[in-house]
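Report on one structure; see the data block that follows.
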Amino acid sequence: MTGEDDWERALRAQLRDWGADMTSCALEVDGDPDAVYRHLDLPAMRFLARCAVPPEYVEPTRIGRHRFDVTTAAERVVVMEELARADVGLLLGAPGAVLAGACVSAVGDRDQRDRFFGALTGDPVWTCLALTEPEHGSDATGMRTELVQTADGAVLTGHKRYIGNGARAGLAVVFARTGPGPLGLAAALVPTSDAGYRATPLQTLGLRGVQLSEIELDQVPVPKENLLGRHLPRSRRGQWAFTRTFNQWRPGVAAISLGIAGAALAYAGEHRARPGSDQRHELDMLGRRLVHARLLVRRVAQAVDAHVGDGHLASVAKLRTGRLAEEATAAACRALGPGARLEHPMLDKLARDARGIEFLEGTTHMQKLAVSQAVVTRKLDGDDPFSPDGGLSHPDDGPTTSGGAP
């Protein structure tokens, strides 16, 4: 890819090699999410289990002359794209720090970081971040889960839904309300073996490997030492913590869409028979859009690493790439004929997974709100290279659809 650094070329090449084993297991995991447990020895899964764990806790992975701990968005988008291209189910269903780790890094004290990341240095451990609720989504203003203070700490009561790896997790970071208003939010570190924590897997059409779950919290005891951010002012605990976490990880979700789009286009190229000129043109144009979208995601990741508060940039990337993934899978299905999804289970899986990305890290409407606010406050305008209609847009992008900017 044009503009790649040596570390990026080395990382992509290794991930492509490791990804072949993941692809061979993709349909198995799609049919049975518990199959993830049978593939933990794959090199990519061992790598993912160590990703985002700071180097003081585990030795970074060495690839050639480079070392990778995947604690930056720039590294993360490469990993997420290449392994999503292999199989997004195993990618998202892998053990490791993920969102919960980013939150603990942001607001945990030294003891909390040591306990959380120390737990990830041995046997595989899944973690989860529980924010979304049944009737309010991830809207913090509507949160109903409560964290009520007691003499020994607090008690956690509430209901969370659509939590990735919630039923697998050994450690959860749970957001709850401690009082009214935006400052009345906090997070707790919860071992899922604690009394009152119950998680149940949900049935989904796409992204089955991540085993989205429903979590019920019934008077879960939270000792003082598990209250995240207790050493910080209230303004740096709740909403600040999960906003910062999502800003860091949303470029990775955009990269997942790139991986799905790339896999769909490659699949169509491998299996189509003598496509017409219109089909060739459509697939070629989508391929060109993929190249430009990758450049956008890379630049957004670099910007977020430089200033994690620039969350609107990650929203731009997710809007663009989410739309591209859905359009690429649909075009691949058209290229393989009316029965493509029945005759090609892998392509059917890619189409279902592409649609599922809509619900990761905020839906299209939430991303549009973030972009709109950036435009109103003049953080973003039509001449900005990060704008959906700015300098990195391409005349071949075609008309804006559901993922377009407002």
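Because only heavy atoms are used, hydrogens play no part in the values below, and waters and symmetry mates are left out as well, while side chains stay in.
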Is it true that E327 and R289 have a side-chain N and a carboxylate O under 4.0 angstrom from each other?
yes

Which is it for R288 and D284 under the salt bridge (charged side-chain N to carboxylate O under 4.0 Å, His left out) test, yes or no, and what are the steps along the way?
CA-CA 6 Å; R288 293 172 64 184; D284 289 347; over 6 Å; no

Which of parallel (below 30°), tilted (30 to 60°) and perpendicular (above 60°) describes F47 and W18?
tilted

Taking the side chain as every heavy atom from C-beta outward, state whether D353 and L207 have any pair of such atoms under 4.5 Å apart.
yes

L347 and L336: CA distance, side-chain angles, deciding distance, side chain to side chain contact (heavy atoms under 4.5 Å, CB included) verdict
CA-CA 10 Å; L347 185 56; L336 297 181; 3.6 Å; yes

Evaluate L258 against L290 for side chain to side chain contact (heavy atoms under 4.5 Å, CB included), listing each step before the verdict.
CA-CA 7 Å; L258 294 179; L290 179 63; 3.7 Å; yes

Check the angle between the aromatic planes of F68 and H66 and answer parallel, tilted or perpendicular using the 30° and 60° thresholds.
tilted

Dump the intermediate steps for salt bridge (charged side-chain N to carboxylate O under 4.0 Å, His left out) on E146 and R177, then the final yes or no.
CA-CA 5 Å; E146 291 184 324; R177 186 161 289 286; over 6 Å; no

Could you please spell out the steps behind the side chain to side chain contact (heavy atoms under 4.5 Å, CB included) verdict for L156 and Y197?
CA-CA 9 Å; L156 190 60; Y197 182 101; over 6 Å; no

So T127 and V104, do their side chains get closer than 4.5 Å, heavy atoms only?
no

Can any side-chain N or O of D69 pair as donor or acceptor with the backbone N or O of P54 at less than 3.5 Å?
no

Looking only at heavy atoms, the pair that brings M22 and A44 closest together is SD-CB, 3.4 Å

Heavy-atom count around L202 CG within 6.0 Å, excluding the residue itself: above 12?
yes

Hey, does the side chain of K318 reach the backbone of L360 with a donor-acceptor pair shorter than 3.5 angstrom?
yes

Assess whether side chain to side chain contact (heavy atoms under 4.5 Å, CB included) is satisfied between K349 and V88, documenting all intermediate values.
CA-CA 10 Å; K349 175 187 180 303; V88 70; 4.1 Å; yes

Show the nearest heavy-atom pair for residues Q112 and L189, with the distance to one decimal.
O-CD2, 4.5 Å

So which of L131, T132, T145, L185 actually passes side-chain contact (heavy atoms from CB on, under 4.5 Å) with F175?
L131

Is a donor on one side and an acceptor on the other found under 3.5 Å between the side chain of D5 and the backbone of W7?
no

Do other residues, nucleotides or ligands put more than 12 heavy atoms under 6.0 Å from the OH atom of Y267?
yes

So for atom CG, which belongs to D6, do other residues, nucleotides or ligands contribute more than 12 heavy atoms lying within a distance under 6.0 Å?
yes

Please determine whether a side-chain nitrogen of the Lys or Arg among E282 and R334 lies less than 4.0 Å from a carboxylate oxygen of the Asp or Glu.
yes

Do other residues, nucleotides or ligands put more than 12 heavy atoms under 6.0 Å from the CD atom of E56?
yes

So does E59 pair up with R67, basic N to acidic O under 4.0 Å?
yes

Quick one: closest heavy-atom pair of A335 and L283, and the distance?
CB-CD1, 4.0 Å

R110 and D114 ion-paired at < 4.0 Å:
yes

Could you tell me whether R85 and E81 make a salt bridge, using a distance below 4.0 angstrom between a side-chain N and a carboxylate O?
no

Under a 4.5 Å cut-off applied to non-hydrogen side-chain atoms, are E133 and H159 in contact?
no

With no hydrogens and no angle check, is any side-chain donor or acceptor of R237 less than 3.5 Å from a backbone partner on G229?
yes

State, yes or no, whether a side-chain contact exists between F117 and S105 at a heavy-atom distance under 4.5 Å.
yes

Has R198 got more than 12 heavy atoms of other residues, nucleotides or ligands less than 6.0 Å from its CZ?
no

On a heavy-atom basis, which atom in A74 and which in D305 lie closest, and how many Å separate them?
N-OD2, 3.0 Å

In terms of heavy-atom contacts, does CD of E214 have more than 12 from other residues, nucleotides or ligands at under 6.0 Å?
yes

Please name the pair of heavy atoms, one in V70 and one in E75, separated by the smallest distance, quoted to 0.1 Å.
N-OE1, 2.7 Å

